[in-house]
Visitor: 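Pasting a structure here, questions to come.
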Amino acid sequence: WERRYGLLVPHRTPKGHRLYTQEDIDLVHQAVELLNKGISISQVKNHLLPSKEPKKKKTTTASTVEQLPNIWVQYQQRILNAVVRFDSNALINTYNEVLAIYPLDIVTTYLILPISRKLGDRWLDEVGTIAEEHFFTQFLRNKIGARFHHQHLKPQGPKIIAACFPDELHEIGLLIFCLAASEHGYEIVTLGCDLPLSELALVVKQTGASGILLSATNKLSEKTLEKDLPDLVNSVNIPVFVGGKASVTHCDEIIAMGAEPLGHDIQHALKEIDLVLGNE
């Protein structure tokens with residue numbers, strides 16, 4: 001933000017270290033709030049800096065915020081239309097266009113996750129097909145894989161093994177979390193969907209991982225809750241985290257067996273993992 005948009009101009013020590021004032025910190029908090037409302041970083045500066053015409057600026061800001069939901073509705077519809085037509089070029093072009101304007105976490109919140117839910121609803125309502133969801137999942141897998149490649153070229157923090165529970169075939173949520181965790185500083189070993197939990201202890205031994213993250217959208221089976229997950233927790237000496245809707249549905253049971261429920265909010269989940277693994 002400092003180099004590209006001139007949002008901050010911190011003082012520097014003789015050795016070049018940046019020194020930020022409380023005013024700078026407040027400015028960053030305001031910028032994050034605007035980003036969370038969907039305003040692109042290139043537009044944020046105009047909403048934060050003093051204007052010679054305050055009243056006009058205030059009107060412009062309010063108008064922009066009111067129009068933002070419609071922007072995301074339009075992007076969602078374009079993505080959905082591309083998926084329904086199995087149009088790879090339209091899907092790639094729209095995705096790249098949005099990502100060039102907004103940060104990844106905003107795109108995830110307002111575009112990727114809503115589209116994933118809509119595709120699931122289409123299948124449940126017998127309007128869409130499983131093929132649509134597979135098409136979108138494969139697209140995301142390729143995009144996320146490319147970003148993973150660049151992330152892995154950088155120094156990484158604690159290693160986390162990430163997988164879906166047995167019988168869980170929806171891996172979009174897991175893939176999105178893995179990318180966010182990678183950009184947050186973790187080294188991720190992704191094992192995909194429908195993984196037998198009995199195999200994870202060996203993976204932990206071979207990788208020296210610091211934690212295990214399991215994801216599920218659907219309710220967990222009795223066997224998973226009563227045997228497989230407790231056996232895993234007892235067989236490894238590292239934290240076992242559970243994310244996705246299942247971590248809310250089975251929250252009490254997960255806690256009782258010594259695992260850590262994370263919910264389905266990615267940023268909240270990362271903060272919880274930071275606390276447990278000491279990666280603050």
Side-chain angles (χ1 to χ4, degrees), residues 29 31-39 41 72 75-76 79 95 98-99 101-120 133 136-137 139-148 150-152 154 156-165 168-193 195 209-218 220 239-251 254-255 259-280:
H29 285 306
V32 170
E33 288 180 6
L34 290 169
L35 287 172
N36 288 336
K37 291 177 181 178
I39 296 177
I41 183 59
W72 290 110
Y75 278 131
Q76 289 176 21
I79 290 287
Y95 179 83
V98 178
L99 208 59
I101 302 173
Y102 299 101
L104 179 63
D105 59 335
I106 299 298
V107 174
T108 297
T109 300
Y110 292 100
L111 187 62
I112 302 302
L113 293 178
I115 289 296
S116 301
R117 289 191 290 267
K118 286 184 178 182
L119 291 174
E133 190 171 356
F136 188 56
T137 300
F139 166 78
L140 286 180
R141 188 182 293 114
N142 291 337
K143 286 293 183 181
I144 290 173
R147 293 184 75 103
F148 264 133
H150 292 294
Q151 287 293 329
H152 286 172
K154 304 175 183 178
Q156 299 292 306
K159 185 180 294 183
I160 296 176
I161 298 168
C164 290
F165 275 97
E168 176 61 58
L169 302 178
H170 299 84
E171 62 175 327
I172 289 181
L174 179 71
L175 291 173
I176 293 171
F177 171 83
C178 288
L179 179 56
S182 178
E183 296 196 339
H184 191 68
Y186 288 103
E187 182 177 356
I188 305 296
V189 178
T190 310
L191 302 181
C193 56
L195 185 81
S210 300
I212 297 172
L213 182 284
L214 299 170
S215 173
T217 301
N218 302 316
L220 301 178
V240 176
F241 304 98
V242 179
K245 291 182 180 178
S247 69
V248 177
T249 305
H250 302 289
C251 182
I254 292 168
I255 293 174
E260 302 279 345
L262 297 176
H264 46 69
D265 181 272
I266 292 176
Q267 295 306 315
H268 171 75
L270 288 173
K271 290 178 181 178
E272 292 295 314
I273 293 174
D274 285 345
L275 288 173
V276 175
L277 298 186
N279 191 45
E280 296 180 272

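Scope of the values below: all heavy atoms of this structure, side chains included, with no hydrogens, waters or symmetry mates. Just so it is clear, the model here is predicted, and its values are computed rather than measured.
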Visitor: For the pair Phe139 and Ile79, evaluate side-chain contact (heavy atoms from CB on, under 4.5 Å) and give the outcome as yes or no after the intermediate values.
Guide: CA-CA 11 Å; Phe139 166 78; Ile79 290 287; 5.9 Å; no
Visitor: Working to the nearest 0.5 Å, report the span between CG of Leu270 and CG of Leu275.
Guide: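 Going from the CG atom of Leu270 to the CG atom of Leu275 covers 11.0 Å.
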Visitor: How close do Leu262 and Gly243 get, counting heavy atoms only, and between which atoms?
Guide: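 Here Leu262 and Gly243 meet closest at CB-CA, 4.3 Å.
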Visitor: If every non-hydrogen atom of Leu195 is compared with every non-hydrogen atom of Ala163, which pair is closest and at what distance?
Guide: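 Heavy-atom minimum between the residues: CD2-CB, 3.7 Å.
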Visitor: Distance from Phe177 atom CZ to Ile266 atom CD1, nearest 0.5 Å?
Guide: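 Phe177 CZ to Ile266 CD1: 7.5 Å, rounded to 0.5 Å.
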Visitor: For Gln76, enumerate each residue passing the side-chain hydrogen bond (donor to acceptor under 3.5 Å, both in side chains) test, keeping only those at least two apart in sequence or located in another chain.
Guide: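 In terms of side-chain hydrogen bond (donor to acceptor under 3.5 Å, both in side chains), with neighbours along the sequence ignored, Gln76 is linked to Lys118.
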Visitor: Would you say that Tyr186 contacts Ile273 through its side chain, given a criterion of any heavy-atom pair below 4.5 Å between the two side chains?
Guide: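 SC-SC contact between Tyr186 and Ile273 confirmed.
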Visitor: Could you pull out the closest heavy-atom pair between Phe136 and Ser116, with the gap in Å?
Guide: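 For Phe136 versus Ser116, the nearest heavy atoms are CE2-OG, 3.8 Å.
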Visitor: Could you give the distance from CG (Leu140) to OG1 (Thr108), rounded to the nearest 0.5 Å?
Guide: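 Atom-to-atom, Leu140:CG and Thr108:OG1 are 9.0 Å apart.
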Visitor: Step by step, work out the side-chain contact (heavy atoms from CB on, under 4.5 Å) result for His184 and Asp274.
Guide: CA-CA 10 Å; His184 191 68; Asp274 285 345; 2.7 Å; yes
Visitor: Quick check for you: to the nearest 0.5 Å, what is the distance between Ser215 atom OG and Lys245 atom NZ?
Guide: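 Reported value, rounded in 0.5 Å steps: 11.0 Å.
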Visitor: Looking at Leu277 and Ser210, what are the two nearest heavy atoms and their distance?
Guide: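 Of all heavy-atom pairs spanning Leu277 and Ser210, the closest is CD2-O, 3.4 Å.
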Visitor: Rounded to the nearest 0.5 Å, what separation is found between the CD1 atom of Ile188 and the CG atom of Leu175?
Guide: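 If I round to the nearest 0.5 Å, the distance is 11.5 Å.
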Visitor: What do you reckon, is NZ of Lys159 surrounded by more than 12 foreign heavy atoms closer than 6.0 Å?
Guide: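 Check passes, neighbour count above 12.
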Visitor: Starting at OH of Tyr95, measure out to CD1 of Ile112 and round the result to the nearest 0.5 Å.
Guide: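 With rounding to 0.5 Å, OH (Tyr95) is 5.5 Å from CD1 (Ile112).
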Visitor: Passes side-chain contact (heavy atoms from CB on, under 4.5 Å), Tyr75 versus Val107? Steps please.
Guide: CA-CA 10 Å; Tyr75 278 131; Val107 174; over 6 Å; no
Visitor: Give the minimum heavy-atom separation between Val276 and Pro239, together with the two atoms involved.
Guide: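 The answer is CG1-CG, 3.6 Å.
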Visitor: Report the C-alpha separation of Leu213 and Leu174 in whole Å, then their side-chain angles, then the decisive distance to 0.1 Å, and conclude whether the side-chain contact (heavy atoms from CB on, under 4.5 Å) test is met.
Guide: CA-CA 9 Å; Leu213 182 284; Leu174 179 71; 3.7 Å; yes
Visitor: side-chain hydrogen bond (donor to acceptor under 3.5 Å, both in side chains) with Arg117: which residues, sequence neighbours excluded?
Guide: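 Expected list: none.
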Visitor: Would you name the heavy atoms of Ser247 and Pro261 that are closest together and state the gap between them?
Guide: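 That closest heavy-atom pairing would be O-CB, 3.7 Å.
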